[in-house]
Amino acid sequence: MPHSPLKVTGTLATGFAATERTPMTALQDLVGDARRLVVTTSLCANPDDRELIRADIAPVQVLADNGFTTIDWLQPFGELGLSALALLDPQRLLIVDGDVIHLAHQGGPIESLDGLYRDLHEVVVEGDEILAANTGNDEVVILDRSTLQELRRVRPQTAGSGDGIEAIDRFHLNQGLRLPSGELIALVHHVTGRQLVTRLKARILKSHGDGGVAGLEGGPNIPLNLAAPHNIRVLSDGFLVFDSGRAMGRRYDTSWTQVMEFETAGWGRGCAVDEDADLVYIGSSPPRLRYKKQLQGRATDRPVVEARRLSDGSLLASDIVSSCEQINNLYLFDTDDYQRHFDR
């Protein structure tokens, strides 16, 4: 059953969260009135990890005075929930299901775009392009921002090979991004494109730990030794990436040398950066079963949004996101944009 909004106290970073009811969260104080913090959520992808059913899930939620609340008109979208959102312009909003991209016109109809999509993850709007991570096909689908016509599909090139009991040809590409230099890159779980697995009693145990950046359109691959990474964010002096399988955030300089790390409350997925305010907002979910032993009990047992100092990773505030099993993406929208697109 859905839970009441709860505030998570500062013990969250190092252990299971203590909770208390509160009429006004510190997280909302940090976000302020000029913006709205929105999350997309879902059931766990693996049925073995699920405890809820789809009727329990609120796939898009916004932070309000009493915690996160459901945006009702988006409730029916998605078999498991929703992956992502993207504002194209004042009139158009993309709503991303796992296998479908929907286009919502301000105050008007909602249509589905044609395309062969499978397990869509993050969608990034960059200049005249829309970069959709089509994870199930290990590719970035590039669409024209104005016409929404598909321009091309780009996949990483396999580099090297893996040794082990068995290998699956998978990058698990979950974000495409064009850098300020113009270089097109992708964030992947397996830089070599080879995922090692062990078969045990008819179950596949997947390996993680060789995640990093894959160069597209001829760029180099950059191994970062990450476990199931998510969410590259470009900063003024480098990059921020979540090492989700280890419940860590990692900052890199412009040459991809790590300069700082900090713990997150759990499986980091969903990120919004306010560099001027020295803040990063993080979606943290309970780890999948295969990661719990590795994290040694320090991860949250409920999905939460954290606010941390970008400069040192210190925890400032957090709040539980109810009616979901995992957070998929997180956004800071200007209040005017939020009202234009989400108030129906």
Examine distances only and state if a side-chain atom of [X] and a backbone atom of [Y] form a donor-acceptor pair shorter than 3.5 Å.
{"X": "Thr70", "Y": "Asp72", "value": "no"}
{"X": "Arg250", "Y": "Phe262", "value": "no"}
{"X": "Gln61", "Y": "Ser322", "value": "yes"}

List the residues meeting side-chain hydrogen bond (donor to acceptor under 3.5 Å, both in side chains) with [X], not counting sequence neighbours, and say none if there are none.
{"X": "Glu129", "value": "Arg178"}
{"X": "Thr254", "value": "none"}
{"X": "Thr41", "value": "none"}
{"X": "His341", "value": "none"}

For atom CG of Asp89, decide whether the heavy atoms of other residues, nucleotides or ligands shown that lie under 6.0 angstrom number more than 12. yes
Does Asp334, at its CG atom, have more than 12 non-hydrogen atoms belonging to other residues, nucleotides or ligands within less than 6.0 Å? yes
Got a sec, which residues hit side chain to side chain contact (heavy atoms under 4.5 Å, CB included) with [X], two or more places apart in sequence or on another chain?
{"X": "Ser146", "answer": "Asp144"}
{"X": "Leu332", "answer": "Val31, Arg35, Leu37, Ala272, Tyr281"}
{"X": "Asp343", "answer": "Tyr338, Gln339"}
{"X": "Glu111", "answer": "Leu103, His105"}

Using side-chain heavy atoms (C-beta onward) and a distance below 4.5 Å, is [X] in contact with [Y]?
{"X": "Leu310", "Y": "Leu240", "result": "yes"}
{"X": "Glu263", "Y": "Met248", "result": "yes"}
{"X": "Ser42", "Y": "Gln326", "result": "yes"}

Just list the side-chain donor-acceptor pairs under 3.5 Å for residues 229-237, sequence neighbours left out, or say none.
{"residue": "His230", "atom": "ND1", "partner": "Ala228", "partner atom": "O", "Å": "3.1"}
{"residue": "His230", "atom": "ND1", "partner": "Ser244", "partner atom": "OG", "Å": "2.9"}
{"residue": "Asn231", "atom": "OD1", "partner": "Gly270", "partner atom": "N", "Å": "2.6"}
{"residue": "Asn231", "atom": "ND2", "partner": "Glu122", "partner atom": "OE1", "Å": "2.9"}
{"residue": "Arg233", "atom": "NE", "partner": "Cys271", "partner atom": "O", "Å": "3.1"}
{"residue": "Arg233", "atom": "NH1", "partner": "Glu122", "partner atom": "OE2", "Å": "3.0"}
{"residue": "Arg233", "atom": "NH2", "partner": "Glu122", "partner atom": "OE2", "Å": "2.8"}
{"residue": "Arg233", "atom": "NH2", "partner": "Cys271", "partner atom": "O", "Å": "3.0"}
{"residue": "Ser236", "atom": "OG", "partner": "Glu275", "partner atom": "OE2", "Å": "2.7"}
{"residue": "Asp237", "atom": "OD1", "partner": "Arg251", "partner atom": "NH2", "Å": "3.0"}
{"residue": "Asp237", "atom": "OD2", "partner": "Arg251", "partner atom": "NH2", "Å": "3.4"}

Determine whether the side chains of [X] and [Y] contain a donor N or O and an acceptor N or O closer than 3.5 Å.
{"X": "Thr335", "Y": "Arg36", "result": "yes"}
{"X": "His121", "Y": "Thr135", "result": "yes"}
{"X": "Asn328", "Y": "Ser83", "result": "no"}
{"X": "Thr40", "Y": "Asn329", "result": "no"}
{"X": "Asn174", "Y": "His189", "result": "yes"}

What residues form a ring pair (Phe, Tyr, Trp, His ring centres under 6.0 Å) with Trp256, not counting sequence neighbours? Phe239, Tyr252
Which residues share a salt bridge (Lys or Arg N to Asp or Glu O under 4.0 Å) with Arg340, sequence neighbours left out: Asp337
Contacts satisfying ring pair (Phe, Tyr, Trp, His ring centres under 6.0 Å) that involve residues 123-152 (not counting sequence neighbours) are none
